[in-house]
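In each ligand, atom 1 is the first atom listed, and ligand 1 is the first ligand listed. Computation of the quantities below employed the complete heavy-atom set of this structure, encompassing side-chain atoms and omitting hydrogens, waters and symmetry-equivalent molecules. Numbering starts at 1 and runs along the sequence shown.
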Amino acid sequence: MIKIDEPYSLRLGSSTGISPYKVKVERRLSDLSGYFLDKMLVQEMLSMGENPVIYEVYELPQPPVSGMLNVGSTVIYPGKIGDEYYFTKGHFHEKESTSEVYIGLEGEGLILIQDRRGEITSLEIGPDVLVYIPPDTAHRSVNTGSRRLVFFAAYPSDAGHDYESIERTGFAKVVVERDGKPVVENNPSFHE
Ligand code: S6P
Ligand code: ZN
């Protein structure tokens, strides 16, 4: 058993990305209904009782105290809503000075990183790739592959999550399939 404040080691990989973990969060289509471009399709799927798991987060959280780190993993399942690949909600950290590091474990995808002015960068993630997320940027992960995308994350435990700010504007880009390949396009519903 891992105890707060004491040194620990854990294992990366397997079905949950990290083991052991303490908290599991599951996000289904119904939790993300306003997020995908094709809202009609989402409503149609939900009304037919189709509510797939889009992603799961496994975490070993610490108390929200400056200097401590949370570690976790995210598993995004392969799939699309229309042409749009499955993704995470995306968030800024409430404490704007906090950054984060992701390390790819399995599968392939893109991390969208957007600053307060709406400037956006997309970076590939996959096994043995580290992605650095600077302070005060919103981040969303997208599974562009045909298998699970799994990555490890470490971030200050007092960072907090602000989902509302980025939900209001949306991300400036979307990741969609065109001719069988992932393409990053301007988001027609983005508003600054
Ligand atoms: C936490 C870190 C990740 C995400 C996870 C799910 O700061 O960035 O653990 O929480 O990838 O994404 P979201 O946007 O639903 O929290
Ligand atoms: Zn984060």
Side-chain angles (χ1 to χ4, degrees), residues 10 12 15-36 51-79 81 84-116 120-126 129-145 148-175 187:
L10 56 70
L12 298 177
S15 63
T16 55
I18 58 166
S19 51
Y21 66 88
K22 273 194 184 144
V23 179
K24 175 184 176 180
V25 178
E26 188 182 78
R27 298 275 183 227
R28 288 180 175 267
L29 182 59
S30 54
D31 301 309
L32 290 151
S33 59
Y35 284 78
F36 288 99
N51 191 14
V53 176
I54 309 289
Y55 62 100
E56 291 156 357
V57 183
Y58 298 89
E59 288 223 307
L60 250 183
Q62 298 281 22
V65 171
S66 171
M68 294 186 124
L69 289 177
N70 284 353
V71 301
S73 64
T74 302
V75 176
I76 310 180
Y77 288 92
I81 301 297
E84 205 176 10
Y85 294 96
Y86 282 6
F87 53 58
T88 59
K89 286 184 170 189
H91 58 269
F92 285 94
H93 293 159
E94 265 174 292
K95 189 172 173 185
E96 294 164 358
S97 60
T98 56
S99 52
E100 183 157 10
V101 158
Y102 288 173
I103 297 172
L105 300 174
E106 223 183 284
E108 53 193 299
L110 291 174
I111 311 296
L112 302 179
I113 301 172
Q114 180 165 312
D115 69 17
R116 294 281 177 185
I120 192 164
T121 308
S122 73
L123 296 173
E124 286 183 11
I125 193 158
V129 175
L130 183 151
V131 171
Y132 172 68
I133 299 162
D136 209 18
T137 54
H139 35 290
R140 162 175 287 168
S141 317
V142 186
N143 184 349
T144 55
R148 305 184 329 155
L149 170 65
V150 186
F151 60 87
F152 167 86
Y155 62 101
S157 62
D158 60 345
H161 293 86
D162 164 18
Y163 291 96
E164 286 72 30
S165 303
I166 193 67
E167 199 182 345
R168 265 198 307 275
T169 63
F171 281 83
K173 303 275 182 185
V174 291
V175 187
N187 178 2

Just by distance, do the side chain of [X] and the backbone of [Y] share a donor-acceptor pair under 3.5 Å?
X    : Y    : value
Y55  : K89  : yes
N143 : Y86  : no
T88  : S141 : yes
Q114 : A172 : yes

Out of F152, F151, Y155, which one pairs with Y102 under the ring pair (Phe, Tyr, Trp, His ring centres under 6.0 Å) rule?
F151

If you have a sec, work out which protein heavy atom is nearest [atom] and how many Å separate them, to one decimal?
atom                    : answer
atom 11 (O) of ligand 1 : T74 OG1, 2.8 Å
atom 12 (O) of ligand 1 : T88 CB, 3.5 Å
atom 2 (C) of ligand 1  : E100 OE2, 2.8 Å
atom 10 (O) of ligand 1 : H91 CE1, 3.6 Å
atom 15 (O) of ligand 1 : Y55 OH, 2.5 Å

Mark the output for H93 as yes if a heavy-atom distance to ligand 1 is under 4.0 Å, and as no if none is.
yes

Contact with ligand 1 for G90, non-hydrogen, under 4.0 angstrom
yes

State, to 0.1 Å, how close S66 and D158 come at their nearest heavy-atom pair, and which atoms those are.
CA-OD2, 3.4 Å

F152 and ligand 1 - part of the residue with a heavy-atom distance under 4.0 Å
neither

Under 4.0 Å between heavy atoms, the region of H139 that gets near ligand 1 turns out to be side chain

Numbered atoms and elements of ligand 1 in range of [X], under 4.0 angstrom, heavy atoms:
X    : answer
Y163 : 13 (P), 14 (O), 15 (O), 16 (O)
V57  : 5 (C), 6 (C)
F151 : 11 (O)

State, to the nearest 10 degrees, the angle whose vertex is the Zn ion (ligand 2) and whose arms point to NE2 of H93 and OE1 of E100.
80°

Side chains of [X] and [Y], heavy atoms from C-beta outward: is any pair under 4.5 Å?
X    : Y    : value
S99  : P135 : yes
I113 : V131 : yes
R148 : Y77  : yes

Please determine if the Zn ion (ligand 2) has an N/O/S atom from H91 lying under 2.8 Å away.
yes

Test item: side-chain donor near acceptor, H139 and H91, under 3.5 Å:
yes

Have a look at Y155, Y35, Y58, Y102 and point out the one with the heavy atom closest to atom 8 (O) of ligand 1.
Y102

